[in-house]
Structures are given as structure tokens and as C-alpha cells.
2 protein chains.
Amino acid sequence: MVLEIKPTQALRLWREVHLDLVRDTQADLSVRQTAILLTIYLELPPHTVRGLAARLGVTKPVITRALDSMGKLGLVSRKRDELDKRNVVIQRTVAGALAVEHLADLVTARARELGPA
Amino acid sequence: MVLEIKPTQALRLWREVHLDLVRDTQADLSVRQTAILLTIYLELPPHTVRGLAARLGVTKPVITRALDSMGKLGLVSRKRDELDKRNVVIQRTVAGALAVEHLADLVTARARELGPA
DNA sequence: CCCGATCGTTACGGGTCCGTATCATTATCG
DNA sequence: CGATAATGATACGGACCCGTAACGATCGGG
């Protein structure tokens with residue numbers, strides 16, 4: 001099943017959802033943080049700092065800081081890997097799953113409202 | 001024509017495009033700036049600082065600063081309204097139109113790659 | 001056992017963005 | 001006119017994020 005979407009529709013969808021995100025006082029995640037959050041919640045665990053950095057093409061401190069701020073928001077949590085104590089395993093949280101679900105609702109709702117191109 | 005998209009597809013689409021944006025050194029626009037840019041290029045002119053601020057639900061300095069930085073990137077330009085010299089009319093640019101088009105390409109391409117939910 | 005490699009974190013200097021409050025300029029209306 | 005309103009820009013203090021470089025902790029091979 002292929003999702004057919006025309007350029008004009010794509011732009012309107014992108015705009016509407018971004019307007020929602022701006023107005024929603026809750027979600028002030030940056031583009032990088034959003035990419036990290038969705039990677040954690042959509043790809044199979046385990047997730048590590050190094051792995052995410054490579055996946056996104058950014059440096060490790062970027063991941064560490066993003067995990068700090070998203071951890072403060074309760075969207076993710078960290079745990080030391082007991083087998084190899086150098087590693088840190090990034091874990092999902094209930095609040096994080098809810099936030100991801102909320103984003104999915106936003107996108108699908110706006111997509112449904114799109115008229116013809 | 002309604003765009004049917006399932007939650008899982010929406011999230012994967014969102015993630016893929018965000019990964020592209022992160023990797024693309026070019027586009028480091030914030031969520032707010034993206035919303036402003038798309039509003040300028042998708043809604044009918046004329047656009048003013050005050051109008052955009054009301055449209056997005058943010059304060060005027062947010063718009064002024066966003067126009068400053070996006071102007072530096074050549075994505076928009078400003079012109080004083082000659083009829084009412086208090087107003088500033090925001091104008092589109094070639095570079096801005098190209099950036100918007102590029103975003104549309106990104107979204108449509110990623111949408112086309114989406115498998116079944 | 002020890003030394004190099006690996007992992008995540010932190011320090012640093014610089015840049016950007018935010019909201020509130022204030023400002024200069026211009027228009028409007030009595 | 002002069003007072004008031006409206007528009008966009010700016011100052012300020014604080015918060016966040018970036019990349020580079022360095023660091024402590026841990027593992028693993030010789």
C-alpha cells in the first residue's frame with residue numbers, strides 16, 4: 001500500500017501540524033529532539049547514545065543533552081547496561097508513548113482534513 | 001479527495017522527514033520558523049508581522065526575529081507598506097520558494113516509500 | 001595486569017531563541 | 001493641531017542548543 005500525496009497536500013499538512021505544535025504550549029521539542037524521540041519509539045530496542053548519534057548523523061553530546069531535556073519532561077529514561085557498564089540503555093516511558101501517540105493523532109487528523117490538491 | 005493515513009504511517013512519515021531535516025545541514029529552521037515560512041508561502045498575501053503573530057498565537061518579537069534570521073538566509077524579504085508606513089509587508093523570494101518546494105519533495109518522497117501500516 | 005580503546009558525560013565559548021517591557025514612527029480622530 | 005492608538009523594532013535577562021575538546025568509568029586484548 002503506497003501513500004499517494006501531492007506536493008500541495010504535503011505542504012498544507014506540514015503547515016497545519018506545525019501550527020498545532022506552535023500553539024500547543026506543551027510540545028516545544030526541537031527538530032532534533034523529535035527525530036530522536038520518534039527513533040526511540042519506532043525502532044526496535046535497545047537504543048544507545050552512540051547508536052542514536054550514528055543514526056541521526058550528529059555528535060554524541062547532542063544525544064546526551066537531548067536525553068537530559070526529554071528526561072526532565074519524562075519522555076524517556078536512562079538505565080546503565082549491567083552487562084557492559086559503559087553503555088546506557090534508553091528506555092521508553094508512559095508519558096513518552098502518550099506524546100508520540102498525540103503526535104500521530106495530530107498528523108492523521110490534519111491529513112483527514114486535507115481537501116483535493 | 002481525502003487523504004487516508006494510519007497512525008503508524010503518520011509517525012513513520014514524520015520520523016523519516018525529520019531525519020532528513022536533521023541530516024540536511026541546510027535547513028536548521030525551528031518549528032516556529034517553519035510554521036511562519038509555510039504560512040507566508042501558502043496563504044494569500046499580504047502578510048504582516050501582526051497578522052502572522054495572531055495567526056500563530058505568538059508575540060510580535062517572535063515574528064520580527066524569525067523574519068530577521070530567515071531574511072539573512074534569503075528565504076523572505078520585508079518592504080514597508082507605502083500606503084500605511086507603519087506596516088511591513090512580508091514578501092516571498094526565489095530562495096524561499098525553492099526551500100518550500102524542497103520540503104514538499106522531501107515529504108512526498110518519504111510518503112511514497114511508506115509500506116502498509 | 002596494564003594499557004589502549006570505547007562509552008557516555010561534562011566544560012567551554014559562542015550562537016540563537018524566548019517573553020516582557022519599552023521605544024520610535026506613523027496614522028487617526030476629536 | 002494635539003492626544004491617542006497602532007505597528008514593528010529593540011533592549012534585556014534568562015534559557016537552550018551547538019560542536020570541539022577533554023574527562024572518568026569500564027572493558028578487553030596482549
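Scope of the values below: all heavy atoms of this structure, side chains included, with no hydrogens, waters or symmetry mates. Order of the sequence lines sets the chain letters (A, B, ...), proteins ahead of strands, with each chain counted from 1.
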Checklist entry - Any link between A:Leu42 and B:Leu13 through a network of hydrophobic side chains (Ile, Leu, Val, Met, Phe, Trp, Tyr) touching at under 4.5 Å? => result yes

Next on the checklist: Can you measure B:Leu67 atom CG to D:dT7 atom P for me and round it to whole angstrom units?
Outcome noted: 16 Å

Item to check | Under-4.0 Å salt bridge between A:Asp105 and A:Arg110 | outcome: no

Using residues 54-67 of chain A as the side-chain source, report each donor-acceptor pair under 3.5 Å to any protein atom, sequence neighbours left out, with the distance given to one decimal.
| unit_1 | atom_1 | unit_2 | atom_2 | d |
| --- | --- | --- | --- | --- |
| A:Arg55 | NE | A:Glu43 | OE1 | 3.3 |
| A:Arg55 | NE | A:Glu43 | OE2 | 3.1 |
| A:Arg55 | NH2 | A:Glu43 | OE2 | 2.7 |

Checklist entry - Roughly how many Å is it from CD in A:Glu82 to C1' in D:dC27, rounded to a whole number? => result 14 Å

Next on the checklist: Side chain of B:Lys85, heavy atoms from C-beta onward: which of C:dA27, D:dT7, C:dC7 has the nearest atom to it?
Outcome noted: C:dA27

Checklist entry - Within the structure, does a side-chain N or O atom of A:Arg86 lie under 4.0 Å from either OP1 or OP2 of C:dT6? => result no

Checklist entry - Below 4.5 Å, heavy atoms only, C-beta onward: do A:Gln33 and A:Met70 meet side chain to side chain? => result yes

Item to check | Nearest-angstrom distance from the residue atom CG of A:Leu56 to P of D:dG19 | outcome: 11 Å

Checklist entry - Taking atom C1' of D:dC17 as reference, at what distance in whole Å does atom CE of A:Met70 sit? => result 13 Å

Checklist entry - Between B:Thr64 and D:dA9, does any side-chain N or O lie under 4.0 Å from OP1 or OP2? => result yes

Checklist entry - Within this structure, what is the CZ-to-P distance between A:Arg80 and C:dC7, rounded to whole angstrom? => result 12 Å

Next on the checklist: In the structure I gave you, are the side-chain heavy atoms of B:Thr39 and A:Leu19 within less than 4.5 Å of one another anywhere?
Outcome noted: yes

Checklist entry - How close or far is atom C1' of D:dT26 from atom CG of A:Asn87, stated in whole angstroms? => result 10 Å

Next on the checklist: Tell me the interatomic distance from B:His47, atom NE2, to D:dG8, atom P, rounded to whole angstroms.
Outcome noted: 13 Å

Checklist entry - Rounded to whole angstrom units, what separation is found between the CG atom of A:Asp68 and the C1' atom of D:dA15? => result 15 Å

Item to check | Sequence-aligned protein contact record of nucleotides 11-22 of chain C, with B where the base is within under 4.0 Å of a protein heavy atom and S where only the sugar-phosphate is | outcome: ------SBBBB-

Next on the checklist: So B:Leu83, base contact, sugar-phosphate only, or nothing? Heavy-atom distance under 4.0 Å.
Outcome noted: sugar-phosphate

Next on the checklist: Classify the ring geometry of A:His18 against B:His18: parallel below 30°, tilted from 30° to 60°, perpendicular beyond 60°.
Outcome noted: parallel

Checklist entry - Under 4.0 Å between a Lys/Arg side-chain N and an Asp/Glu carboxylate O for A:Arg78 and A:Asp68? => result yes

Item to check | 5'-most by nearest nucleotide on DNA chain D - A:Lys60 or B:Val89 | outcome: B:Val89

